[in-house]
Number of protein chains: 2
Amino acid sequence: MCNESTIQASAQSTLADRIRHEIDTFTTSEKRAAHVLLSHYPFAGLETVAEFATRAGISAPSVLRFVTRLGFNGFPEFQKHLREELEARLLSPLAKAGPSGNSQGAPALASFADAVIGNLNATVENIAPAEFEAVVALLSDQRRQIHFTGGRFTGALARYAESHFRIVRSQVDYIDGQPSLWRDRMIEIGRKDVLVVFDIRRYQEDVIALSETAARQGATVVLLTDPWLSPIARVARHVLPAPIVAPSNWDSSIGLMLIAEALVGAVTRRLWDTAKPRMEAVERLRNGE
Amino acid sequence: MCNESTIQASAQSTLADRIRHEIDTFTTSEKRAAHVLLSHYPFAGLETVAEFATRAGISAPSVLRFVTRLGFNGFPEFQKHLREELEARLLSPLAKAGPSGNSQGAPALASFADAVIGNLNATVENIAPAEFEAVVALLSDQRRQIHFTGGRFTGALARYAESHFRIVRSQVDYIDGQPSLWRDRMIEIGRKDVLVVFDIRRYQEDVIALSETAARQGATVVLLTDPWLSPIARVARHVLPAPIVAPSNWDSSIGLMLIAEALVGAVTRRLWDTAKPRMEAVERLRNGE
DNA sequence: CGAAAGCTGTACCAAAAATTACAAAACGAC
DNA sequence: GTCGTTTTGTAATTTTTGGTACAGCTTTCG
């Protein structure tokens with residue numbers, strides 16, 4: 001390896017970079033320490049050895065071995081280095097800029113993330129705040145029943161949204177996309193109901209059929225889809241599109257997930273007076289169990 | 001809990017502000033301490049009492065009296081406060097703008113997206129490329145069977161990942177977190193198996209139990225979790241953490257979703273020769289129906 | 001399958017840190 | 001100038017912290 005004797009806080013290479021670089025040469029518990037340090041960098045390292053160890057789920061001696069392996073001559077020296085690095089970083093505000101390094105090796109995750117972040121920015125730009133707010137208001141109407149559904153892949157998103165809304169308010173359920181499973185449930189759906197449907201390209205026949213049926217019966221349909229718009233858009237009251245292309249053989253649904261989580265957050269805030277007791281009750285039930 | 005209410009790190013007023021305001025009520029040596037602290041704020045306070053004292057040209061007890069007068073219950077508490085303040089400052093480069101309110105104007109979706117994007121950047125930074133690649137290699141090993149599972153909310157993510165992997169390769173399944181459903185399936189899990197588990201805080205007992213059982217039987221555990229690490233990290237071979245805090249009453253799982261999608265993409269590319277025919281076959285089956 | 005190497009945690013120890021007690025010094029008031 | 005009060009430093013004390021030896025366990029390699 002490199003000459004580990006040279007620890008100095010070069011403005012360029014932070015200790016974090018070195019750890020990321022060498023992490024696969026670490027032992028299991030050293031990796032744990034590294035993860036904790038990196039995810040709370042550098043503050044996790046400024047606490048005591050015992051606290052650091054607890055946080056990482058390892059023993060104190062393992063933490064000591066970790067810092068020794070990094071080339072430091074004891075824990076206090078390690079902390080001193082972190083402080084100095086932090087001070088330097090704070091004095092030059094540009095330090096936090098781009099992930100410049102990111103050299104050759106494996107930008108697999110990084111480049112994918114870049115594309116996704118682009119998608120998220122575009123998602124925000126393409127959705128009118130008024131539209132978003134309208135959906136929030138709709139989902140905050142406690143007199144309405146809310147149903148979630150989605151296709152092969154997006155069904156998981158619908159479930160994700162439903163599992164949150166279920167706690168925030170009552171009258172929430174998930175409808176499986178398979179026709180045999182929803183056909184009979186349709187008789188209950190009417191003007192007071194809201195259907196939130198996730199559907200992206202390779203638009204799924206059965207999901208479309210479900211949505212059209214619901215719309216025909218007077219339900220209000222909210223559609224989360226890609227920019228090319230699922231056919232469901234024809235019957236939807238509100239359409240929230242999000243880009244889905246990514247450097248992958250698959251589409252990315254993260255834009256839809258963003259919308260879903262933002263909706264959950266906004267509705268929770270709006271219904272806070274009733275949502276809070278519900279959330280606490282759920283918590284109590286879980287603990288009591 | 002502890003009544004730190006007296007001191008607490010109000011987002012608004014930093015301790016430095018208070019010191020500046022009260023400095024003329026201090027004694028001579030307290031003023032010296034204050035002056036040193038302010039000129040190297042807050043790093044002077046993060047050293048030991050003795051170092052601080054030397055730097056200020058006063059005695060250690062004077063330093064102690066200084067922090068006591070500031071209202072702290074001992075020097076360590078004082079340091080803890082400084083660390084937290086520093087962390088808060090570093091995490092929000094927007095200075096002290098309290099976004100808590102955010103009531104009307106600010107588009108809820110936009111600010112939420114900003115936070116999520118920050119999470120995604122942090123996610124990329126905190127995961128070592130080597131670690132990511134190791135997981136890709138593991139999931140690309142067609143001789144192994146891969147199981148996905150997750151908790152109340154994260155279960156949907158596990159399903160999402162599983163629905164993709166299922167098409168890319170064989171030997172993929174989803175395990176429901178409920179003990180009654182997985183207990184008997186465990187007999188089949190052994191050294192050749194991989195368990196990919198999603199678990200974020202409010203770590204779920206049954207998911208932990210499932211993972212520990214699998215690990216005990218020799219399965220390789222891959223954990224996607226938050227920066228505080230689910231207890232499952234203790235038995236996991238690979239840990240991929242992602243920040244989850246968002247301006248919402250709920251945690252955001254989008255960082256985990258990013259990792260999941262990136263894994264799907266990378267594995268698909270690596271197994272392309274066998275994955276492509278599979279994907280085409282699935283397509284044909286869907287259309288033929 | 002068995003032995004060796006390496007990793008990890010428990011228990012303990014030593015060092016250093018924070019804290020307190022107390023007396024000397026500085027300051028002010030009269 | 002002296003007394004009383006406040007402030008400050010020295011030194012002893014206690015608590016906490018970092019560090020180490022060792023034994024059990026896991027993994028690896030023959």
Side-chain angles (χ1 to χ4, degrees), chain A residues 22-37 44-83, chain B residues 2 22-37 43-83 134 138 190-193 212-221 229 231-239:
Chain A
E22 298 175 10
I23 196 168
D24 43 314
T25 71
F26 291 171
T27 71
T28 312
S29 53
E30 283 168 352
K31 274 183 193 158
R32 255 174 231 156
H35 275 300
V36 168
L37 177 59
L46 293 180
E47 303 176 332
T48 69
V49 172
E51 285 169 322
F52 189 6
T54 303
R55 197 186 275 244
I58 60 180
S59 70
S62 291
V63 172
L64 272 301
R65 286 186 279 259
F66 171 66
V67 304
T68 300
R69 170 179 268 255
L70 289 175
F72 294 99
N73 224 12
F75 197 75
E77 189 177 296
F78 165 73
Q79 289 190 317
K80 188 178 166 212
H81 175 90
L82 289 180
R83 280 200 307 267
Chain B
C2 35
E22 298 176 10
I23 198 168
D24 34 307
T25 72
F26 291 169
T27 73
T28 313
S29 53
E30 282 169 354
K31 274 180 190 163
R32 273 196 206 153
H35 199 265
V36 168
L37 177 58
F43 300 97
L46 293 179
E47 303 176 333
T48 68
V49 172
E51 285 169 323
F52 190 6
T54 304
R55 199 187 272 243
I58 59 178
S59 71
S62 292
V63 172
L64 271 301
R65 285 186 278 262
F66 171 63
V67 304
T68 301
R69 170 179 271 256
L70 288 175
F72 295 98
N73 226 12
F75 198 74
E77 190 179 307
F78 165 72
Q79 289 191 316
K80 187 179 167 213
H81 176 91
L82 288 181
R83 280 200 309 265
L138 189 64
R191 299 199 173 280
K192 285 266 170 194
D193 292 48
E212 286 174 345
T213 304
R216 207 175 309 121
Q217 303 203 3
T220 304
V221 176
L229 304 191
I232 298 173
R234 304 176 125 260
V235 299
R237 175 77 61 92
H238 300 287
V239 179

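Residue numbers start from 1 in every chain, and the chains themselves are labelled A, B, ... in the order their sequence lines are given, proteins ahead of strands. Given the structure is predicted, the values throughout are model-derived calculations rather than measurements. Side-chain atoms are counted along with the backbone in the values below, which use heavy atoms only and exclude waters and symmetry mates.
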Tell me: [atom1] of [X] to [atom2] of [N], nearest whole Å?
| X | N | atom1 | atom2 | value |
| --- | --- | --- | --- | --- |
| Gln79(A) | dG19(D) | CD | P | 9 Å |
| Asn73(A) | dA16(C) | CG | P | 13 Å |
| Glu51(B) | dA18(C) | CD | C1' | 13 Å |
| Leu64(B) | dT14(D) | CG | C1' | 13 Å |
| Arg191(B) | dT26(D) | CZ | P | 11 Å |
| Phe66(B) | dA18(C) | CZ | P | 15 Å |
| Glu30(B) | dT6(D) | CD | C1' | 11 Å |
| Arg216(B) | dT27(D) | CZ | P | 14 Å |

Mind checking side-chain contact (heavy atoms from CB on, under 4.5 Å) for Ala34(B) and listing every partner two or more places apart, or none if nothing turns up?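 With neighbours one apart ignored, the set is Ile19(B), Ile23(B), Phe26(B), Phe66(B).
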Nearest-0.5 Å distance, [atom1] of residue [X] to [atom2] of residue [Y]:
| X | Y | atom1 | atom2 | value |
| --- | --- | --- | --- | --- |
| Leu37(B) | Leu70(B) | CG | CG | 8.0 Å |
| Thr28(A) | Arg234(B) | OG1 | CZ | 12.5 Å |
| His35(B) | Lys31(B) | NE2 | NZ | 11.5 Å |

May I ask you to evaluate whether Thr28(A) reaches the phosphate of dC7(C), defined as a side-chain N or O under 4.0 Å from OP1 or OP2?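 Checking Thr28(A) against dC7(C): no side-chain N or O falls below 4.0 Å of OP1 or OP2.
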Return the set of residues passing salt bridge (charged side-chain N to carboxylate O under 4.0 Å, His left out) with Glu51(A) (not counting sequence neighbours), or none when no residue passes.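 For Glu51(A), no residue satisfies salt bridge (charged side-chain N to carboxylate O under 4.0 Å, His left out) once neighbours in sequence are set aside.
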With sequence neighbours left out, what residues match Phe78(B) under ring-ring contact (aromatic ring centres under 6.0 Å, His included)?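 Once residues adjacent in sequence are excluded, the partners of Phe78(B) under the ring-ring contact (aromatic ring centres under 6.0 Å, His included) criterion are Phe72(B), Phe75(B).
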Taking only N/O atoms, report every protein-nucleotides 9-12 of chain C pair under 3.5 Å with atom names and distance.
| unit_1 | atom_1 | unit_2 | atom_2 | d |
| --- | --- | --- | --- | --- |
| dG9(C) | OP2 | Ser59(A) | N | 3.4 |
| dG9(C) | OP2 | Ser59(A) | OG | 3.2 |
| dG9(C) | OP2 | Ser62(A) | OG | 2.9 |
| dG9(C) | N7 | Arg65(A) | NH2 | 3.1 |

So what is the end-to-end bend of the helix from dC1(C)-dG30(D) to dC30(C)-dG1(D), with 5 pairs used at each end and the value given to 10 degrees?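 One end axis against the other gives 30°.
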Can you tell me which residue pairs pass the salt bridge (charged side-chain N to carboxylate O under 4.0 Å, His left out) test with a partner in residues 53-69 of chain B, sequence neighbours excluded?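 Qualifying pairs: Glu30(B)-Arg69(B), Glu47(B)-Arg55(B).
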Return the 5'-most residue of the pair Phe75(B), Thr27(A) with respect to DNA chain C, ranking by each residue's nearest nucleotide.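 In this pair, the answer is Thr27(A).
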Go nucleotide by nucleotide along DNA chain D from the 5' end; which of Arg69(B) and Thr48(A) gets its closest nucleotide reached first?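 Closest to the 5' end, via its nearest nucleotide, is Arg69(B).
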Compare every heavy atom of Arg83(A) with every heavy atom of Leu46(A), then report the nearest pair and how far apart it is.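 Heavy atoms of Leu46(A) and Arg83(A) come nearest at CD2-CG, 3.9 Å.
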If I compare all heavy atoms of Ile58(B) with all of Ala33(B), which pair ends up nearest, and what's the gap?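 Scanning both residues completely, I find the closest heavy atoms to be CD1-CB, 3.9 Å.
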